[in-house]
2 protein chains.
Amino acid sequence: MRHHRDDVVRHAIVVLDTYGLADLTMRRLASELDVRPSALYHHFRDKQSLLAAVADELLRRGARPLAAQAWDEQVVELCSGLRDALLAYRDGAELVSTVIAFGLGASQPYDDLVTALAPARLGEELASTAARTLLHFVLGHTLDEQTHLQAGSAGAIGDDPRPRSDFGAGLGLVVDGIRLRSSRGVDARA
Amino acid sequence: MRHHRDDVVRHAIVVLDTYGLADLTMRRLASELDVRPSALYHHFRDKQSLLAAVADELLRRGARPLAAQAWDEQVVELCSGLRDALLAYRDGAELVSTVIAFGLGASQPYDDLVTALAPARLGEELASTAARTLLHFVLGHTLDEQTHLQAGSAGAIGDDPRPRSDFGAGLGLVVDGIRLRSSRGVDARA
DNA sequence: ACCTGAACACCGTTCAAGT
DNA sequence: ACCTGAACACCGTTCAAGT
């Protein structure tokens, strides 16, 4: 059976969600596609590039249109949406963190945040710092959350499968810090 | 030659700093110690435990006494000290991030932050959220920084080896958000 | 354009046995 | 207490060759 690049990415997401990032190996993915491992190198130059494509597809599937008008509400929406996208697939946060750390993809969330922050008039440098600080928070928090969620998934049935998260509280901390620096003031609207 | 557990950890740090985290393998470490790989399993039950011990030692070496009195200044000192500790060894940020994500060690920075935050009287839950938000920022920012620093280390000699970092700016953002929630007010002192 | 076959140079981990 | 020998079950990647 012959595959396109997109088939490989789609199947990689299934393997990721079913077996986890540690078991998303080139050999395993190849065998699931009924193909020799070397065939994958026709579509991707190496594993990192494959993972970058998988991360981008995962983020694309989680993308939602912005409803809010004010920049600070848009920022909260973007960060919550990113968290939801990461939690939607097993090891999603770990995958996207890895890809971002390697700098090979998953740049959409950063770009979206910079765009949303524009009306806050922070200046180019501070806007970049703010966007990256938000991103570090969301990735770090969600990685923690997902790790512990999955660690507890062997627990009793009575366990709360999604204990009240302090995601909103932590995000509020950072957004307040940004709002203090907005030249549009505490009550700035887009 | 026979070794103690501490010899193994010390040598692992040398391997980490010389060859990087990807090359800190059980087999490589064993061969540097002039020992068969299986010998390492006398000292550590698995690789994760070894990495946890290495992360703890790296943090121990970077520990410094606090000079500041005010809680917000102490927080800044702790975060800057943590960053310095991570930057002191190759792939230090990646190592500590990994160990923390697995939840097997490197808990000192979190505990120190919670202690420093006590005078801000945030309440137990918010103090925990604030400490983890700070930690996510420092680890994420330093991981970015270290990755790009090392990626650029093959560049021209004229390159600035340590371009002005926005670490302080991002940290200020988060600390301001925390200060807003302190019941001791903007000017709170310990 | 997409894939096979075969190889290279590696991994982490276990476990009986040695001193 | 600390280590060896030998094995098990894997990795990512390259490359000539096939259709």
Side-chain angles (χ1 to χ4, degrees), chain A residues 1-55 57 90-91 94-95 97-99 101-105 147 151, chain B residues 1-55 57 90-91 94-95 97-99 101-105 147 151:
Chain A
M1 205 223 264
R2 306 199 125 198
H3 305 90
H4 289 86
R5 189 186 152 100
D6 285 356
D7 298 322
V8 179
V9 172
R10 270 196 298 272
H11 225 100
I13 292 199
V14 174
V15 173
L16 173 74
D17 204 37
T18 311
Y19 304 104
L21 185 58
D23 284 332
L24 175 48
T25 67
M26 299 301 268
R27 286 168 182 273
R28 174 132 201 170
L29 176 56
S31 96
E32 297 273 339
L33 286 165
D34 234 328
V35 118
R36 263 10 80 198
S38 53
L40 297 177
Y41 290 84
H42 179 76
H43 301 284
F44 300 94
R45 61 129 67 124
D46 56 20
K47 189 182 181 180
Q48 275 306 319
S49 306
L50 203 208
L51 293 183
V54 173
E57 172 63 13
R90 209 223 282 205
D91 292 339
E94 194 184 347
L95 170 70
S97 296
T98 301
V99 169
F102 272 74
L104 295 175
T147 302
Chain B
M1 208 225 264
R2 307 196 124 199
H3 305 90
H4 289 85
R5 190 187 152 99
D6 285 354
D7 298 321
V8 179
V9 172
R10 269 196 299 271
H11 227 100
I13 292 199
V14 174
V15 173
L16 173 74
D17 204 38
T18 311
Y19 304 103
L21 185 58
D23 285 332
L24 176 48
T25 66
M26 299 301 267
R27 286 169 181 273
R28 174 129 200 171
L29 176 57
S31 95
E32 297 272 339
L33 286 164
D34 234 328
V35 121
R36 262 13 79 196
S38 52
L40 297 177
Y41 291 82
H42 179 76
H43 302 285
F44 301 93
R45 62 124 71 116
D46 56 21
K47 189 181 180 181
Q48 276 306 320
S49 307
L50 203 208
L51 292 183
V54 173
E57 172 63 12
R90 208 221 283 207
D91 292 338
E94 193 184 347
L95 169 70
S97 296
T98 301
V99 169
F102 272 74
L104 295 175
T147 302

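The basis for the numbers below is simple: all heavy atoms, side chains too, and nothing from hydrogens, waters or symmetry mates. Each chain gets a letter, A, B and so on, in the order the sequences are listed, and its residues count up from 1.
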Enquirer: So, does His3(A) get its side chain near the phosphate of dA1(C), meaning an N or O under 4.0 Å from OP1 or OP2?
Expert: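 No, because none of the side-chain N or O atoms of His3(A) sits under 4.0 Å from OP1 or OP2 of dA1(C).
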Enquirer: Can you tell me which stems DNA chain D forms, taking runs of 3 or more consecutive Watson-Crick or G-U pairs with both distances under 3.5 Å?
Expert: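 Paired runs of 3+ in DNA chain D: C:4-8 with D:12-16, C:12-16 with D:4-8.
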Enquirer: Write down the distance between CZ (Arg36(A)) and P (dA6(C)), rounded to a whole number of angstrom.
Expert: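 To the nearest whole Å, that distance equals 11 Å.
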Enquirer: Which heavy atom of Arg36(B) sits nearest to which heavy atom of Asp34(B), and what is that distance?
Expert: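 Arg36(B) and Asp34(B) have their closest heavy atoms at NH2-O, 4.4 Å.
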Enquirer: Can you measure Phe44(A) atom CZ to dC2(C) atom C1' for me and round it to whole angstrom units?
Expert: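 Those two atoms, CZ and C1', are 14 Å apart.
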Enquirer: For Ala30(B), which residues count as a side chain to side chain contact (heavy atoms under 4.5 Å, CB included) partner, sequence neighbours excluded?
Expert: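 Partners of Ala30(B) under the side chain to side chain contact (heavy atoms under 4.5 Å, CB included) test: Val35(B), Pro37(B), Leu40(B).
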Enquirer: Does any residue of residues 5-16 of chain A have a heavy atom under 4.0 Å from DNA chain D, and if so, which ones, in number order?
Expert: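 Result for residues 5-16 of chain A: none.
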Enquirer: Using atom types as modelled, flag every donor-acceptor pair under 3.5 Å from a side chain in residues 5-21 of chain B to any protein atom, sequence neighbours excluded.
Expert:
residue, atom, partner, partner atom, Å
Arg5(B), NH1, His43(B), O, 3.3
Asp7(B), OD1, Arg10(B), NH2, 2.9
Asp7(B), OD2, His4(B), N, 2.7
Asp17(B), OD1, Arg90(B), N, 2.7
Thr18(B), OG1, Val14(B), O, 2.6

Enquirer: Just how far is it from atom CZ of Phe102(B) to atom OG of Ser49(B), taken to the nearest 0.5 Å?
Expert: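 If I round to the nearest 0.5 Å, the distance is 11.0 Å.
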Enquirer: Rounded to the nearest 0.5 Å, what's the gap from CZ on Arg27(A) to OG on Ser38(A)? Could you check?
Expert: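 Rounded to the nearest 0.5 Å, the CZ-OG separation comes out at 9.5 Å.
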Enquirer: Can you tell me how far P in dA9(D) sits from the matching atom in dC8(C), rounded to whole Å?
Expert: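 These two P atoms come out 22 Å apart once rounded.
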Enquirer: Could you work out, with side chain to side chain donor-acceptor pair (under 3.5 Å) as the rule, every residue matching Glu57(B), not counting sequence neighbours?
Expert: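 Counting only residues at least two positions away or on another chain, Glu57(B) forms a side chain to side chain donor-acceptor pair (under 3.5 Å) with Arg60(B), Arg61(B).
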Enquirer: Just to confirm, is there a sub-4.0 Å distance from OP1 or OP2 of dT4(C) to any side-chain nitrogen or oxygen of His42(A)?
Expert: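 No, no such contact exists.
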Enquirer: How many angstroms lie between atom CZ of Arg2(B) and atom NE2 of His42(B), to the nearest 0.5 angstrom?
Expert: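 The distance works out to 8.0 Å.
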Enquirer: Looking only at heavy atoms, what is the nearest atom pair of Ala55(A) and Val99(A), with distance?
Expert: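 Answer, listing the atom of Ala55(A) first, then Val99(A): CB-CG2, 3.8 Å.
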Enquirer: Going 5' to 3' along nucleotides 10-19 of chain C, which nucleotides have protein heavy atoms under 4.0 Å from the base (write B), which only from the sugar-phosphate (write S), and which from neither (write -)?
Expert: -BBBBB---B
Enquirer: Would you list the pairs meeting salt bridge (Lys or Arg N to Asp or Glu O under 4.0 Å) in which at least one residue belongs to residues 41-52 of chain A, sequence neighbours left out?
Expert: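 Matches after skipping sequence neighbours: none remain.
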Enquirer: As an exercise, state the distance from CG of Leu24(A) to CG of Leu50(A), rounded to the nearest 0.5 Å.
Expert: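 Atom-to-atom, Leu24(A):CG and Leu50(A):CG are 7.0 Å apart.
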Enquirer: Among residues at least two apart in sequence or on other chains, which ones pass side chain to side chain contact (heavy atoms under 4.5 Å, CB included) with Thr147(B)?
Expert: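 With sequence neighbours excluded, Thr147(B) shows a side chain to side chain contact (heavy atoms under 4.5 Å, CB included) to Leu143(B), given in chain and number order.
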